[in-house]
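Everything on this sheet refers to the single structure shown next.
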There are 2 protein chains.
Amino acid sequence: MIKLAIADDHTMFVDGIESILQEEADLEVMGRCFDGQEVLDFLDKQNIDVLLLDVNLPKLNGIQVCEKVVATYPNIKILAISMFNEESYVTEILNKGALGYILKNTGRKELVKAIHTVHGGQSYFSKEVTQTIMKGLMKQRMNTEQKAKFFPKISKREKQVLQLIIEEHTTQEIADKLFISLKTVESHRSSLLGKMNARNTAGLVRIALENNMLD
Amino acid sequence: MIKLAIADDHTMFVDGIESILQEEADLEVMGRCFDGQEVLDFLDKQNIDVLLLDVNLPKLNGIQVCEKVVATYPNIKILAISMFNEESYVTEILNKGALGYILKNTGRKELVKAIHTVHGGQSYFSKEVTQTIMKGLMKQRMNTEQKAKFFPKISKREKQVLQLIIEEHTTQEIADKLFISLKTVESHRSSLLGKMNARNTAGLVRIALENNMLD
DNA sequence: TGATAATTCGGGGTTTTCCCTAGTTTTAAG
DNA sequence: CTTAAAACTAGGGAAAACCCCGAATTATCA
């Protein structure tokens with residue numbers, strides 16, 4: 001008997017998964033959690049084998065939850081479930097110790113298979129996710145310059161500049177606010193364009209907002 | 001016995017709903033559709049009472065599907081189901097003839113209740129959705145000046161330009177794409193800045209993304 | 001300690017965006 | 001049907017953003 005917990009903020013979805021899994025004789029859903037904090041509280045009291053974890057959770061997101069769970073309960077296998085086949089999501093949560101990553105458009109058979117695979121200690125990915133991971137591996141073979149384009153690691157100062165750009169401040173205004181030269185801010189802008197692989201300010205703002213790069 | 005069909009592109013979600021509804025004696029799921037076209041094809045062959053319709057469907061979206069279904073099969077009650085409590089979604093699909101609108105974070109009890117209510121010809125909304133509708137009504141009571149400030153009505157052309165700006169195209173590129181002059185696009189940009197109360201491109205993108213002004 | 005990244009700044013230039021004005025066409029309302 | 005508002009079109013000039021070059025100092029991490 002594999003003991004499970006489901007963490008997703010969409011009740012209907014949790015209900016659905018639970019119904020599906022009830023029909024499996026060797027699977028038992030022990031708990032349902034609707035945000036990241038609930039997951040941690042639940043694991044405090046209950047022991048489980050596999051955690052079905054949505055990447056986009058309120059309060060603590062799936063990545064943060066995954067990190068904490070892996071650190072505290074290394075025996076729990078984590079299967080990430082998400083609407084989005086986003087490389088950043090996939091790589092981040094896998095780096096934090098999740099064993100599998102499946103999309104919400106996978107069928108019941110594949111879901112059950114994924115749970116069994118992960119429970120056995122092996123990793124499992126949806127077909128689409130595998131492609132995404134492959135793409136990620138390709139990038140790792142690239143040199144640092146190219147890598148930087150795909151994995152935006154922006155510095156503290158760059159983040160400040162980015163924040164002010166998004167708040168509609170001009171380069172001159174940003175320079176005044178940060179007590180640095182106009183040219184320095186331009187330099188940071190240029191770095192941001194390169195790192196985030198954006199062509200202009202519009203891209204900078206879009207990518208920053210879409211990837212929640214602000215605090 | 002209420003005959004149902006489910007239209008949603010996330011298999012896992014459809015499976016879940018189906019499992020939930022199987023436990024209800026008086027509900028029967030007749031069909032599952034994964035995009036808008038499938039819904040229309042299915043209704044050609046099969047007669048149902050209630051259609052559970054996701055707003056964000058591939059090929060034909062839920063709003064388009066709703067319009068067609070209401071026109072062709074006026075007896076079918078439509079219950080919209082969505083991840084998003086977005087006013088534009090809610091009002092649009094209700095205008096097209098949907099009877100109810102519930103979010104995917106509503107529980108199984110409420111789902112079943114919503115189906116019964118809609119089947120009886122009455123409308124049903126999630127609590128959050130009701131608030132959204134209320135907010136919408138409040139807006140209608142405002143004068144045009146206030147409305148413009150908070151709810152910028154941008155024209156068709158302006159929307160096209162805005163979309164392309166967000167996709168990082170320059171003014172020249174946009175002009176070429178739309179077969180109009182550089183100066184005309186600049187003019188549209190200027191109008192957008194005024195209507196959306198933005199100071200520059202960064203603000204344009206931020207406001208557009210935060211308010212879901214794109215299709 | 002030694003390489004790497006971050007932060008700072010400058011010159012000099014091109015490209016893009018922004019502002020103001022203004023004509024024509026389309027739409028909506030009286 | 002007339003008229004006003006809006007949408008769409010555009011030009012010239014100013015401001016801002018972007019690019020390529022180079023370079024110094026300071027942090028950081030292996």
Side-chain angles (χ1 to χ4, degrees), chain A residues 140 142-208 213 215, chain B residues 140 142-209 213:
Chain A
Q140 287 206 337
M142 297 178 177
N143 62 45
T144 19
E145 228 172 288
Q146 286 174 311
K147 247 206 286 191
K149 279 188 179 174
F150 292 101
F151 302 104
K153 265 188 219 155
I154 64 172
S155 70
K156 212 187 300 177
R157 204 54 155 171
E158 285 162 353
K159 200 172 193 174
Q160 292 177 336
V161 171
L162 179 58
Q163 178 78 53
L164 291 168
I165 290 172
I166 292 171
E167 289 170 8
E168 301 183 41
H169 296 289
T170 67
T171 302
Q172 184 60 64
E173 288 169 358
I174 295 169
D176 294 343
K177 270 183 192 291
L178 299 182
F179 303 107
I180 53 180
S181 151
L182 176 79
K183 277 295 181 182
T184 304
V185 179
E186 280 186 341
S187 171
H188 289 313
R189 289 190 83 126
S190 185
S191 300
L192 285 168
L193 288 175
K195 286 186 179 180
M196 297 169 67
N197 203 26
R199 293 181 60 193
N200 50 34
T201 304
L204 232 46
V205 176
R206 180 179 54 75
I207 294 165
M213 293 176 65
D215 296 326
Chain B
Q140 288 203 336
M142 290 181 170
N143 63 44
T144 16
E145 232 174 282
Q146 283 176 313
K147 258 205 273 189
K149 235 185 175 178
F150 294 103
F151 310 101
K153 263 191 210 157
I154 63 175
S155 72
K156 207 191 306 177
R157 206 55 155 171
E158 286 162 353
K159 200 172 192 172
Q160 293 176 337
V161 171
L162 179 59
Q163 176 79 54
L164 292 168
I165 289 172
I166 292 172
E167 288 170 9
E168 302 183 40
H169 295 289
T170 68
T171 303
Q172 184 61 62
E173 288 169 357
I174 296 169
D176 295 342
K177 271 184 192 291
L178 299 182
F179 302 105
I180 52 180
S181 151
L182 175 81
K183 281 298 175 184
T184 303
V185 180
E186 283 181 342
S187 173
H188 288 311
R189 289 189 83 125
S190 186
S191 300
L192 285 167
L193 288 175
K195 286 185 179 180
M196 296 169 67
N197 205 26
R199 290 182 63 193
N200 49 35
T201 304
L204 230 49
V205 176
R206 182 179 52 76
I207 294 166
L209 292 181
M213 293 175 66

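To find a chain, count down the sequence lines: A is the first, B the second, and so on, and within it residues start at 1.
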* Would you say Glu168(A) and Ile207(B) make side-chain contact, with heavy atoms under 4.5 Å? ->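 The answer is yes; the side chains approach within 4.5 Å.
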* Asked: Got Arg157(A) and Ile180(A) here, is their nearest side-chain heavy-atom distance under 4.5 Å?
  ->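 SC-SC contact between Arg157(A) and Ile180(A) confirmed.
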Using only side-chain N and O atoms of [X], determine if any of them is under 4.0 Å from OP1 or OP2 of [N].
X: His188(B); N: dA7(D); value: no
X: Ser190(B); N: dC20(C); value: no
X: Thr201(B); N: dC18(C); value: yes
X: Ser181(A); N: dG10(C); value: yes
X: Thr171(A); N: dA17(D); value: yes

* **Minimum-distance pair of heavy atoms, taken over all atoms of Thr170(B) and Arg199(A)** =>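 Scanning both residues completely, I find the closest heavy atoms to be CG2-NH2, 4.2 Å.
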Whole Å only: how far is the [atom1] atom of [X] from the [atom2] atom of [N]?
X: Asn197(B); N: dC18(C); atom1: CG; atom2: C1'; result: 16 Å
X: Ile165(B); N: dT17(C); atom1: CD1; atom2: P; result: 8 Å
X: Arg189(A); N: dT17(C); atom1: CZ; atom2: P; result: 12 Å
X: Lys195(A); N: dT7(C); atom1: NZ; atom2: C1'; result: 11 Å
X: Ile154(B); N: dA6(D); atom1: CD1; atom2: C1'; result: 14 Å
X: Asn200(B); N: dC18(D); atom1: CG; atom2: C1'; result: 15 Å
X: Phe179(A); N: dC9(C); atom1: CZ; atom2: P; result: 12 Å
X: Leu164(B); N: dT17(C); atom1: CG; atom2: C1'; result: 16 Å

* Look at Lys183(A) together with Glu186(A) and state whether they make a salt bridge at an N to O cut-off of under 4.0 Å. =>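 Salt bridge: yes.
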* In terms of side-chain geometry, is the basic nitrogen of Lys177(A) or Glu167(A) positioned less than 4.0 Å from the acidic oxygen of its partner? ->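 Looking at Lys177(A) and Glu167(A), the cut-off is not met.
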* Look at the side chain of Ser187(B) against the base of dT9(D) and say whether a donor-acceptor pair falls under 3.5 Å; ignore hydrogens and angles. =>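 Counting by modelled atom types and ignoring angles, a donor-acceptor contact under 3.5 Å is found here.
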* To do: Kindly say whether, by distance alone, the side chain of Glu186(A) makes a donor-acceptor pair under 3.5 Å with the base of dC18(D)?
  =>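 Pair found.
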With sugar-phosphate meaning primed atoms plus P, OP1 and OP2, does [X] contact a base, only sugar-phosphate, or nothing at under 4.0 Å between heavy atoms?
X: Gln172(B); value: nothing
X: Leu182(B); value: nothing
X: Thr170(A); value: sugar-phosphate

* So which one's nearest nucleotide on DNA chain D is more toward 5', Arg157(B) or Lys183(B)? ->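 Checking each residue's closest nucleotide, the 5'-ward one belongs to Arg157(B).
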* Tell me which of Ser191(B) and Lys156(A) sits closer to the 5' end of DNA chain D, going by the nucleotide each one is nearest to. =>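 Going by which nucleotide is closer to the 5' end, it is Ser191(B).
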* Candidates dA7(D), dC19(C), dT7(C) - which lies nearest the side chain of Leu193(B) ->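 The listed nucleotide nearest to Leu193(B)'s side chain is dC19(C).
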* Spacing of CG belonging to Leu204(B) relative to CG belonging to Asn197(B), to within rounding of 0.5 Å ->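 Atom-to-atom, Leu204(B):CG and Asn197(B):CG are 11.0 Å apart.
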* 5'-most by nearest nucleotide on DNA chain C - Glu158(A) or Glu173(B) ->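 Its nearest nucleotide lies further toward 5', so the answer is Glu158(A).
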